[in-house]
Amino acid sequence: MSALLPSQCWNGGPNVESILYKADIAYEFKNWKSAYTLYKQMLKDKQTTQQNIGHVYYRLGVMFKNGHFITINEQKAKKYFKLAFDKLSPLAEEGDCEALCDLGSMYEYGEGVDKNHATAVQYYSKAADKGFPGAQCNLGYMYNNGRGVKLDREKAVYYYKKASDLSHVRAQYNLGYLYKYGYGVIKDYAEAVRYYKLSAEQGYTKAQHNLGYMYSNGFGVEQDKKRAAHYYKLAADQKNAMSSYNLALMYQKGEGVPQDHSLAFKYFLEATEMGHKEAKSQLEKIRQNFTTPAPTTNSSSNNTQNNDMHMDYLMASQTYVANEWPQSHLMLSEECQKGIYEMCCMLRLTRDVPRELVEIMVKDLIKRWPNMGEVVFDHCVNARLKKST
């Protein structure tokens, strides 16, 4: 991947350079929609140089190969890789560092060419020697993992530091990771935090998540749950599943943030939709608590409180059904009535939260009770909002 700073290797007018800079940042941060839009814009821009167009072709090839924002299309990926290789090869022979770095990536991952890690290292090395931070970071990765070279973590640190000094966010994050675990350096949590911060301040999601973890556990810094929640939220807002999950737990327990079950639900749901298994398990427990009556045999205060809560849910359900659908026993299936019941339980729990959070929960219910229909749910939400004002 290329650097996140404008490179002396880029050609073209200020507008083209600015678009390429924005596109590469979007690509690096996995904002695929913006990256795709900007790269396609560059294809239409007459000021885009042959060197820049080769870079754009390569990035579009990767996006079609992996289905980033767009549908996977192997034929289009091969087409763009071929166009990229034809444009980049002569430029690399002239020593163009962007072209050298892109060709190195193509050989590293076998994109449009036969995979060859040793060849990738050769291209990265030539660009790294010219001071290109993207190549320095990639070369550090090759040494850190023994790809095309003998595994050498001290050399990995050397190249990561070079790129980090040029504000390359992945290099800063990777260097923080090495300091955290003591790979190629003496383990140093404080140094790990320092590099994570440099990367996180530039918006790098993984660094934001790891920084949240460091603050949450007091590694290299004084334990600070509030700051942990801050960094987890930054990463969660960029679709980091683990951060969404950790933030949900913090809202559920009231650690570093005010206890808020509706926000816990929101972030558990987001993490679940991104494939986080533990979040899915937590979400199922919450749903079960919405709808499963508490046992009445135990007379302890906790169970009495739970009983009252579930009776409140049941009454809410009966009231809504009676008021809004008086003929529901004739009109609605058993499945629909169960959906209404669960929805009513949820609404009673969230009656004081903003509309947008209610809508998130309602959308989740619609997915699991498709026969209910959005009209019915919207009617319930609006009735709930009207009665709460």
Side-chain angles (χ1 to χ4, degrees), residues 1-45 47-49 51-73 76-77 80-81 83-84 87-88 97-99 101-102 104-106 108-109 111 127 132-138 141 163-164 166-174 196 198-211 231 233-241 243-244 270 273-274:
M1 294 182 182
S2 60
L4 293 182
L5 297 174
S7 165
Q8 68 273 20
C9 296
W10 291 353
N11 299 312
N15 183 53
V16 172
E17 200 164 287
S18 175
I19 295 173
L20 181 59
Y21 174 63
K22 292 176 181 177
D24 279 351
I25 288 179
Y27 185 97
E28 189 83 26
F29 289 174
K30 304 186 189 307
N31 185 349
W32 304 120
K33 181 178 180 179
S34 293
Y36 180 79
T37 301
L38 291 168
Y39 286 140
K40 293 292 283 187
Q41 181 180 339
M42 290 193 70
L43 291 184
K44 299 176 182 179
D45 196 324
Q47 294 186 59
T48 305
T49 65
Q51 177 228 28
N52 287 340
I53 207 75
H55 176 69
V56 171
Y57 283 147
Y58 171 57
R59 288 291 172 87
L60 288 172
V62 173
M63 296 182 78
F64 275 109
K65 173 189 173 184
N66 297 296
H68 296 323
F69 173 65
I70 46 184
T71 304
I72 291 177
N73 189 319
K76 284 191 175 182
Y80 280 118
F81 286 145
L83 290 169
K87 295 290 184 184
L88 295 171
C97 52
E98 183 82 62
C101 189
D102 282 343
S105 293
M106 293 180 77
E108 180 181 357
Y109 297 104
E111 295 165 334
F132 192 67
Q136 291 168 339
C137 180
N138 289 356
Y141 180 83
S164 178
L166 294 170
S167 300
H168 193 281
V169 295
R170 263 191 306 116
Q172 292 167 338
Y173 164 77
N174 289 341
Y196 282 153
L198 290 172
S199 184
E201 286 169 359
Q202 295 194 73
Y204 197 59
T205 310
K206 290 182 179 180
Q208 291 168 341
H209 170 77
N210 283 17
L211 197 53
Y231 284 111
K233 186 177 187 307
L234 290 177
D237 288 346
Q238 295 194 73
K239 308 301 180 185
N240 183 287
S243 283
S244 293
E270 287 184 2
E273 289 175 345
M274 290 183 278

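In this text the structure is predicted, and so the values were computed from the model without any measurement.
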Self-check item: Quiz item: cation-pi between Arg59 and Tyr27, 6.0 Å / 45°
Solution: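 Positive - Arg59 is close enough to the ring of Tyr27 and near enough to its axis.
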Would you say that [X] contacts [Y] through its side chain, given a criterion of any heavy-atom pair below 4.5 Å between the two side chains?
X	Y	answer
Gln208	Gln238	yes
Arg170	Asn138	yes
Val62	Phe81	yes
His68	Tyr36	no
Lys239	Lys30	no

Quiz item: Can you list the steps and then say if Lys76 with Ile70 is a side chain to side chain contact (heavy atoms under 4.5 Å, CB included)?
Solution: CA-CA 11 Å; Lys76 284 191 175 182; Ile70 46 184; over 6 Å; no
Quiz prompt | Over 12 foreign heavy atoms within 6.0 Å of NZ, Lys65 | solution =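 It does: Lys65 NZ has more than 12 such atoms within range.
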Quiz prompt | Candidate pair Leu60 and Lys40, rule side chain to side chain contact (heavy atoms under 4.5 Å, CB included), full reasoning | solution = CA-CA 8 Å; Leu60 288 172; Lys40 293 292 283 187; 4.2 Å; yes
Exercise. Take Glu28 and Val169, measure what side chain to side chain contact (heavy atoms under 4.5 Å, CB included) needs, and give me the verdict at the end.
Key: CA-CA 9 Å; Glu28 189 83 26; Val169 295; 4.2 Å; yes
Self-check item: salt bridge (charged side-chain N to carboxylate O under 4.0 Å, His left out) involving Lys206 - partner list, sequence neighbours excluded
Solution: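 By the salt bridge (charged side-chain N to carboxylate O under 4.0 Å, His left out) rule, Lys206 matches no residue at all.
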Exercise. Ignoring hydrogens and angles, tell me if any N or O in the side chain of Thr48 forms a donor-acceptor pair with the backbone of Ile53 under 3.5 Å.
Key: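 Answer holds: no.
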Quiz item: Does Glu98 use its side chain to pair, donor to acceptor, with the backbone of His55 at less than 3.5 Å?
Solution: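 The answer is no, because no donor-acceptor pair under 3.5 Å joins these two groups.
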Exercise. Calculate, to the nearest 0.5 Å, the distance between atoms OH and CG belonging to Tyr204 and Leu211 respectively.
Key: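 Between Tyr204 OH and Leu211 CG, I get 14.5 Å after rounding to 0.5 Å.
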Quiz item: From Gln202 CD over to Tyr173 OH, what is the distance, rounded to the nearest 0.5 angstrom?
Solution: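 So the CD of Gln202 and the OH of Tyr173 are separated by 15.5 Å.
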Closest non-hydrogen atom pair, [X] against [Y]:
X	Y	answer
Ala35	Ala23	CB-O, 3.9 Å
Glu270	Ser244	OE1-OG, 3.8 Å
Ala171	Ser164	CB-N, 3.8 Å

Practice problem: List the steps and the verdict of side chain to side chain contact (heavy atoms under 4.5 Å, CB included) for Tyr80 and Tyr58. | Solution: CA-CA 6 Å; Tyr80 280 118; Tyr58 171 57; over 6 Å; no
